[in-house]
Amino acid sequence: MKKFWVLFSLFILPLVFYIFLSKGIYKYSNLPILTEKVLDIKEIAPNANCSFNQNLTIVCFLGSDLNEAKATLFNLNEVIYKRYYSKILFQIVAVIPEDKKEEYSQIIKELSAFTDIAKWNFIYTKPSNIKKLFNSFETPFELNNNLHSKYAYIIDMKLRLRGRKDDEDTKDGKLYGYDMRSVAVLKNKMKDDIDIIYYQLKKSKEKEKRRKREI
């Protein structure tokens with residue numbers, strides 16, 4: 001019996017640890033690209049003070065129905081924005097029909113009462129521009145009649161839509177967007193996927209530093 005535990009600690013335990021570590025490395029080194037090139041927000045709103053380029057952007061389409069938008073907006077703020085707003089490159093872009101600017105001012109005021117909204121960007125534009133931007137994401141989804149989408153989308157620094165190709169809750173495994181109505185989805189899926197991108201970014205910077213030292 002004593003020999004078994006000696007063998008277990010010397011061979012089996014390290015092997016189990018290696019397998020566990022390997023799975024962790026795989027998880028944090030892969031987040032699929034689902035769409036290669038989406039439109040930059042500046043292409044539909046030239047006066048916008050933000051860009052998708054060189055930023056890690058969460059995009060949401062809030063639409064003209066404020067009641068429909070409000071719950072999803074606050075879920076995204078609580079679960080995602082408050083966790084990442086101090087991170088480099090991070091921002092959220094909310095796309096809204098241009099004729100709803102005044103109505104949304106009250107929601108934004110409520111949001112700013114308990115959140116530093118410096119990295120929230122509210123972009124107001126005409127319906128055709130909203131549809132043009134949304135269509136460039138090339139998802140299987142559609143905006144509803146109010147130009148609202150219940151999903152939030154991850155756009156990386158190179159204007160690529162990121163998501164999953166092995167999601168257990170979708171028919172073909174592809175997860176294009178994250179349901180903002182579900183705190184569980186935001187917390188257990190979107191948060192994990194954003195962490196992967198930051199992990200990749202960190203490793204890329206470390207690799208670049210090593211390369212410069214070797215030159």
Side-chain angles (χ1 to χ4, degrees), residues 31-77 79-81 84 89-104 107-108 111 117 119-165 167 169-182 185-186 189-190 193-194 197:
L31 186 66
I33 297 165
L34 298 178
T35 303
E36 285 288 346
K37 187 73 173 177
V38 306
L39 289 178
D40 188 9
I41 189 66
K42 282 192 171 294
E43 294 189 49
I44 66 152
N47 295 325
N49 59 356
C50 61
S51 170
F52 294 163
N53 189 39
Q54 300 304 313
N55 287 293
L56 177 56
T57 308
I58 309 304
V59 183
C60 56
F61 296 83
L62 295 183
S64 58
D65 185 331
L66 273 67
N67 291 326
E68 185 175 46
K70 193 171 181 179
T72 55
L73 172 71
F74 280 87
N75 279 349
L76 193 62
N77 185 68
V79 181
I80 300 299
Y81 180 83
Y84 296 103
L89 308 180
F90 181 81
Q91 64 179 356
I92 292 185
V93 170
V95 185
I96 302 168
E98 60 185 358
D99 62 346
K100 293 297 175 179
K101 187 171 184 177
E102 186 175 342
E103 288 92 328
Y104 267 94
I107 292 180
I108 295 170
L111 194 67
I117 63 170
K119 290 190 177 179
W120 268 101
N121 297 279
F122 298 92
I123 305 300
Y124 302 92
T125 188
K126 58 186 179 181
S128 60
N129 284 338
I130 295 174
K131 292 174 183 177
K132 184 178 180 182
L133 177 65
F134 182 83
N135 290 339
S136 77
F137 290 7
E138 297 180 359
T139 75
F141 311 134
E142 294 182 358
L143 295 171
N144 69 12
N145 293 334
N146 298 315
L147 300 174
H148 173 83
S149 173
K150 66 183 181 182
Y151 300 103
Y153 306 89
I154 299 175
I155 306 298
D156 71 12
M157 293 73 72
K158 296 182 179 179
L159 283 80
R160 303 174 299 187
L161 178 71
R162 306 290 286 272
R164 299 185 179 190
K165 290 184 177 179
D167 183 67
D169 298 318
T170 56
K171 286 184 179 180
D172 61 357
K174 291 184 178 180
L175 183 69
Y176 289 88
Y178 305 79
D179 192 339
M180 294 183 288
R181 301 170 305 173
S182 171
V185 168
L186 295 178
K189 295 186 179 184
M190 191 174 213
D193 291 355
I194 293 172
I197 293 178

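- Contact record, Arg164 with Asp167: NH1-OD1, 4.0 Å, taken as the closest heavy-atom pair.
- Met190 places none of its side-chain heavy atoms less than 4.5 Å from the side chain of Val79.
- For the pair Arg162 and Asp193, the salt-bridge criterion is not met [side-chain N within less than 4.0 Å of a carboxylate O].
- Atom CG of Asp156 and atom OG1 of Thr57 lie 9.0 Å apart (nearest 0.5 Å).
- Under the salt bridge (charged side-chain N to carboxylate O under 4.0 Å, His left out) criterion, Asp172 pairs with no residue at all, not counting sequence neighbours.
- Asn121 is not listed as a side-chain neighbour of Ile41, based on a closest heavy-atom distance of 4.5 Å or more.
- Listed by chain and number, the residues in a ring-ring contact (aromatic ring centres under 6.0 Å, His included) with Tyr151 are Phe141 (sequence neighbours excluded).
- You'll find the side chain of Lys42 stays beyond 4.5 Å of the side chain of Asn53, heavy atoms only.
- At a threshold of 4.5 Å between non-hydrogen side-chain atoms, the residues Phe52 and Leu133 count as touching.
- You'll find the side chain of Thr72 stays beyond 4.5 Å of the side chain of Cys60, heavy atoms only.
- Counting heavy atoms from C-beta outward, Glu138 and Leu161 have side chains that stay 4.5 Å or more apart.
- Side chains of Leu111 and Tyr104 form no contact here, defined as non-hydrogen atoms less than 4.5 Å apart.
- With sequence neighbours left out, Phe61 forms a ring-ring contact (aromatic ring centres under 6.0 Å, His included) with Phe134, Phe137.
- Summarising the geometry, atom NZ belonging to Lys37 is positioned 10.0 Å from atom CZ belonging to Arg160; distances are rounded to the nearest 0.5 Å.
- When all heavy atoms of Ala152 and Leu76 are compared, the pair lying nearest together is CB-CD1, 4.1 Å.
- Once rounded to the nearest 0.5 Å, the distance linking CE of Met180 with CG of Leu186 reads 8.0 Å.
- In plain terms, the two heavy atoms of Gly63 and Ile96 that are nearest each other are O-CG2, 4.3 Å.
- Side chain of Tyr81 to main chain of Lys119: a donor-acceptor pair is present (N/O by atom type, distance under 3.5 Å, no hydrogens or angles).
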Report task. Give the C-alpha distance, both sets of side-chain angles, the deciding distance and a yes or no for side-chain contact (heavy atoms from CB on, under 4.5 Å) between Met157 and Leu56. Result -> CA-CA 5 Å; Met157 293 73 72; Leu56 177 56; 4.0 Å; yes

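- Annotation: the span from Leu66 atom CG to Ile107 atom CD1 amounts to 4.0 Å, rounded to 0.5 Å.
- Thr139 places no side-chain N or O within donor-acceptor distance of the main-chain N or O of Tyr176, the cut-off being under 3.5 Å.
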Query raised in the report: Are Leu34 and Lys165 close enough, and set up right, to give a side-chain contact (heavy atoms from CB on, under 4.5 Å), and what steps lead you there?
Result: CA-CA 8 Å; Leu34 298 178; Lys165 290 184 177 179; 3.7 Å; yes

Report task. Start with the C-alpha distance between Ile154 and Ile58, add both sets of side-chain angles, then the distance that settles side-chain contact (heavy atoms from CB on, under 4.5 Å), and finish with yes or no. Result -> CA-CA 5 Å; Ile154 299 175; Ile58 309 304; 3.8 Å; yes

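- For Arg181 (side chain) and Lys150 (main-chain N/O), no donor-acceptor pair under 3.5 Å exists by modelled atom type.
- Of all the heavy atoms in Ser64 and Pro97, the pair that sits closest is N-CG, 4.0 Å.
- With no hydrogens or angles considered, no side-chain donor-acceptor pair links Glu98 and Asn129 at under 3.5 Å.
- Taken to the nearest 0.5 Å, the CD1 atom of Ile123 stands 11.0 Å off from the CD1 atom of Ile130.
- Under the salt bridge (charged side-chain N to carboxylate O under 4.0 Å, His left out) criterion, Lys100 pairs with Glu103, sequence neighbours left out.
- Considering every non-hydrogen atom in both Leu147 and Pro127, the closest pair reads CD1-CB, 3.7 Å.
- In this structure, the side-chain hydrogen bond (donor to acceptor under 3.5 Å, both in side chains) partners of Ser51, at least two apart in sequence or on a different chain, are Asp40.
- Atom CG of residue Leu175 and atom CG of residue Asp169 lie 8.5 Å apart, to the nearest 0.5 angstrom.
- Considering only heavy atoms from C-beta on, Asn144 comes within 4.5 Å of Glu68 through its side chain.
- With sequence neighbours excluded, no residue forms a salt bridge (charged side-chain N to carboxylate O under 4.0 Å, His left out) with Lys126.
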